[in-house]
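Chain letters run A, B, ... following the sequence lines, proteins first and then strands; every chain starts at 1.
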Amino acid sequence: MNQLRKDIKKIFWLYVAMFLSLILYLIKFLIFDSSSVIINAYNPRLGALEKNIIRGEIRDSKGIVLARTKKDGDKWIREYPKGRDFAHVVGFVQKGKTGIEAFSNFQLLEVSNKMMQTINRMFSGDDYQGNHVVLTMDAELQHTARKLLNGRKGAIVVMEPSTGKILAMVSYPDFDPNQLNKTWEQLNKDEENSPLINRATQGLYPPGSIFKIITSAAVMEKNEDWKEFHYNCTGEDIFDENLIRCFNSSAHGEVDLESAFYLSCNTGFATLGIEAGGEQLSKIAERLLFNRNLPYGLEYSKSQFRTTKDSKNREIVETAIGQGKTLVSPLHMAMITSAIANGGILMQPYIIDHVETNYGKIKYKRIPQSYDTLFKPEIASQLSKMMTDVVNKGTGTQAKISNISVSGKTGTAQNASGKDHAWFVGFAPTEKPKAVVAVIIENGGSGGQVAGPIARQLFQKVLNQ
Amino acid sequence: MLKESIVEICILISRYAFLFIIFMFIWSGYKAVLFERKKDIEAYTSKVFIQRGFVILLHILGFIILMLNSKDVVELQQIAKLGALGLIFLVGFMILTFLIYKKSDPVLWNCMVFLMDVGLIILQRLDPETAQSQIIRYIVGMIVMLFIPFIFKIIPRFEKFEIVYLVSGWLFLLSPFLFGEEQFGARNWINLGGFSFQPSEIVKFLFIFYLACSLRKYHSIKDLILPSIMSGGYILVLVLQKDLGGALIYFLTFLILLYLSTSSYLFFFGGLGGASIASMVAYKLFSHVRVRVEVWLNPWKAIDTKGYQITQSLFAIGTWGWMGSGLTRGYSKYIPVVTTDFIFSAICEEFGNLFGTGIIIIFLIIVFRGIMIALRCNRVFYSLLAAGATNLIAIQTFLIIGGVIKFIPLTGVTLPFISFGGSSVVTSILIIGILQWIQSFYEMKEEAEG
């Protein structure tokens, strides 16, 4: 009987453990999982809330309204004062929800101070007001960026490397979110321009020479005596029956890694790629989030890297200069560049800074978070130095600003669709980077000539503020 | 607009009031247990009365909110009638159990009646028709339960009827094959003259009686052969009827009673290991088992088909946070079978998750008091019976709450005392009846001896 009592007590503690685990799981669900679960389109609550709640505003970091709900006669309509500037980022609600409108749907419909609002409603008859979502972005910078694209297909991302804040993100061709009801069919049919796609996050492009940043990192990590590397460039060279040419077949002569980098010497980097080898290249690419999910909440495409330790040299030489099967999104390149600018540490990129109640109280303030160390500090600072050379005396002189040191890398990516894509990634000021810029102009031609000046004007805009 | 706003404010404030009520109910229960240990009978009794007061308060507040929200006079009258009937039931329950179950455990009664009242309020909110039939089931269950002391007085030494429990258990369990019907994909219902019920619920009783009878005589491993074969047979029948939740409850009950009577970890963990292998086989063999597990692992993949129930449940629990939407302000009607299996999600949605946590704690108090009763018995049979009865409540609560919050795969069982469903409600009430009878039996004996 005494043994039985002991055993019954043991069983009792088993029940206690089971019930406590229920409570802990419930708490875990509410704290960590529920906010991403409830924004699902199948949650009927959000649709029901929409009927008697005025959707909150979406604002930029300075309080400029990017989306608001206005009364038109007796019905509410969603209005986007900045129109095309924020078409992709802010998204829309008229034809399914996209962008921030979809991501923050719950916050925009969440009523804070419900008691106060109800009392107020008793006297004024006002509807409930949902919370406002405040972005990290800057409407003025965004407008400048869109104007710099100047009707050319492409995308721009501007980030703050020390925090991960996204300051601007544009994509062209775009659309007017205020005219969707009229243009919807046409926008969907336009497969050649696909204006609904956000090229900054969903567009995948061959990186071209900006990939040399990654090849350099691979070589420098593998061989401590990388400074000993020398190569004589004659403008073209054959590797494993694969002919690699430098831009315009110009011969760079005797180069080392640093000069091959700022001159963007393809044959030199093809040799460096072989030296690094497929295994090292794929190891670095994996660490830099190729073929992996990015720490980014909105729609994006995964970058693609196909070279492995079993790849042949003919494939490796193409990979090393950013051609071949590698594809990358502008956002991803901006993230890699911002890790270099930030001493090797990638800050998690984010767009939503905080949520504000209708009485101005701040909720859900986002705190910058580091995501991962992408580069060792000494490699990051070496890359930063080499990128400064690119702007000072290499292919990126068009991005140069007087009195301020700029670092960057140009890319001119061959592709199947016609003229080369023009790339520029970089940051400024070199010593204490305030902005990272990634620019791509589809079929724009030379990266240094076409994308470089755009980056320069964006740096000037950010730094003059 | 003015009336609407006042109702809205009342509902908003009521969330805090409900939370206060459940907190005070649990707190008074905790205090009562402390005073009981110190043998401070006066303070103990006063805490028990405070608990009862909060049950009444819960009932009145709940029905006032429901009435405030009614659309028209007809609905208002219906709610008022049910509310009044509910109040009579609560008070009647408290008085009758006090009179008939001499020296029983009042904290256990209070927890049970609190849960039943939460069930009544949330059912009235979700589907008034089910609330009306639920209260009838509560009353029927209570009346049957009140007969338990008389029955046990007439039939002494009911541990002698092992074979009766066994045979009648089999008859009930097999009856759905003869005149059963399929509901919710499980063939475990029978319909007798318009009154349909789940035999496996009733067999639960016979099962713990049978196990307590046969396992109390344990001397050697030989004594375990017949009970094991019989339990295995029950479980197999339930699996064939596609009643996975039922099979799991029976299995765990068998395992725990086996452990209690043999005190052997080997049997316990051996049984668990065997069950893991069996469930692996079931996973391979039966598509409905695979579906349950897949839906548990990733319900989002099949959100509009097989994952619909559980994802809707998660939306209900997750949307409003700790304080809930307020009674009548949620959207739990979108969850399929919300009045039975998913009632806990509806409670979490409208009363808030803190209140839902309180409900889990009240279940834990019931388990605690049941175990206390099992501990005080000085005959193995009663001890096993009390532990078995407590175990039924504990396992079933864990399975369904764990299922609807996606902690474990969903097995369609009801939440004791709260879920709509005749057989389940009556069985749960009777389980407490048995526990209380054992309690009062020993109290009276002690008093007579002391």
With a 4.5 angstrom heavy-atom cut-off, could you sort out which part of [X] is near chain B: side chain, backbone, both or neither?
{"X": "Lys6(A)", "result": "neither"}
{"X": "Leu20(A)", "result": "neither"}
{"X": "Ile11(A)", "result": "side chain"}
{"X": "Leu26(A)", "result": "both"}

Could you check whether atom [atom1] of [X] has more than 12 heavy atoms from other residues, nucleotides or ligands sitting under 6.0 Å from it?
{"X": "Lys217(B)", "atom1": "NZ", "value": "yes"}
{"X": "Ile367(A)", "atom1": "CD1", "value": "no"}
{"X": "Gln3(A)", "atom1": "CD", "value": "yes"}
{"X": "Lys70(A)", "atom1": "NZ", "value": "no"}
{"X": "Lys95(A)", "atom1": "NZ", "value": "yes"}
{"X": "Met116(A)", "atom1": "CE", "value": "no"}

Is there side-chain contact between [X] and [Y], with at least one heavy-atom pair below 4.5 Å?
{"X": "Met372(B)", "Y": "Ile8(A)", "answer": "no"}
{"X": "Phe106(A)", "Y": "Thr319(B)", "answer": "yes"}
{"X": "Tyr265(B)", "Y": "Lys10(A)", "answer": "yes"}
{"X": "Leu314(B)", "Y": "Phe29(A)", "answer": "yes"}

Worksheet item: Residue by residue, which of residues 33-44 of chain A have a heavy atom closer than 4.5 Å to a heavy atom belonging to chain B?
Response: Ser34(A), Val37(A), Ile38(A), Asn40(A), Tyr42(A), Asn43(A), Pro44(A)
Practice prompt. Name the option with the most non-hydrogen atom pairs under 4.5 Å to chain B; the candidates are Glu110(A), Met18(A), Arg45(A).
Written response: Arg45(A)
Practice prompt. Apply side chain to side chain contact (heavy atoms under 4.5 Å, CB included) to Phe19(A) and Thr397(B), showing your working.
Written response: CA-CA 9 Å; Phe19(A) 279 59; Thr397(B) 306; 4.0 Å; yes
How long is the gap from [atom1] on [X] to [atom2] on [Y], to the nearest 0.5 Å?
{"X": "Leu375(B)", "Y": "Phe12(A)", "atom1": "CG", "atom2": "CZ", "result": "9.0 Å"}
{"X": "Ile408(B)", "Y": "Tyr25(A)", "atom1": "CD1", "atom2": "OH", "result": "10.5 Å"}
{"X": "Met323(B)", "Y": "Lys114(A)", "atom1": "CE", "atom2": "NZ", "result": "12.5 Å"}
{"X": "Leu22(A)", "Y": "Phe344(B)", "atom1": "CG", "atom2": "CZ", "result": "8.0 Å"}
{"X": "Tyr15(A)", "Y": "Ile393(B)", "atom1": "OH", "atom2": "CD1", "result": "10.5 Å"}
{"X": "Leu252(B)", "Y": "Leu14(A)", "atom1": "CG", "atom2": "CG", "result": "9.5 Å"}

Name the region of [X], side chain, backbone, both or neither, that has any atom closer than 4.5 Å to a heavy atom of chain A.
{"X": "Phe407(B)", "answer": "both"}
{"X": "Ile317(B)", "answer": "both"}
{"X": "Thr311(B)", "answer": "neither"}
{"X": "Ala316(B)", "answer": "both"}

Item to complete: Check whether the side chains of Glu8(B) and Thr118(A) place a donor and an acceptor atom closer than 3.5 Å, and report yes or no.
Response: no
Practice prompt. Tell me, out of Ala386(B), Cys377(B), Cys348(B), who's got the most heavy-atom pairs with chain A below 4.5 Å.
Written response: Cys377(B)
Discussion item. Quick check: closest heavy atoms across Gly318(B) and Leu30(A), and the distance to 0.1 Å?
Written reply: CA-CD2, 4.2 Å
Discussion item. Checking Ile361(B) against Ile23(A) for the side chain to side chain contact (heavy atoms under 4.5 Å, CB included) test, could you report, in this order, the C-alpha distance in whole Å, the side-chain angles of both residues, the deciding distance, and whether it holds?
Written reply: CA-CA 9 Å; Ile361(B) 293 172; Ile23(A) 295 176; 4.0 Å; yes
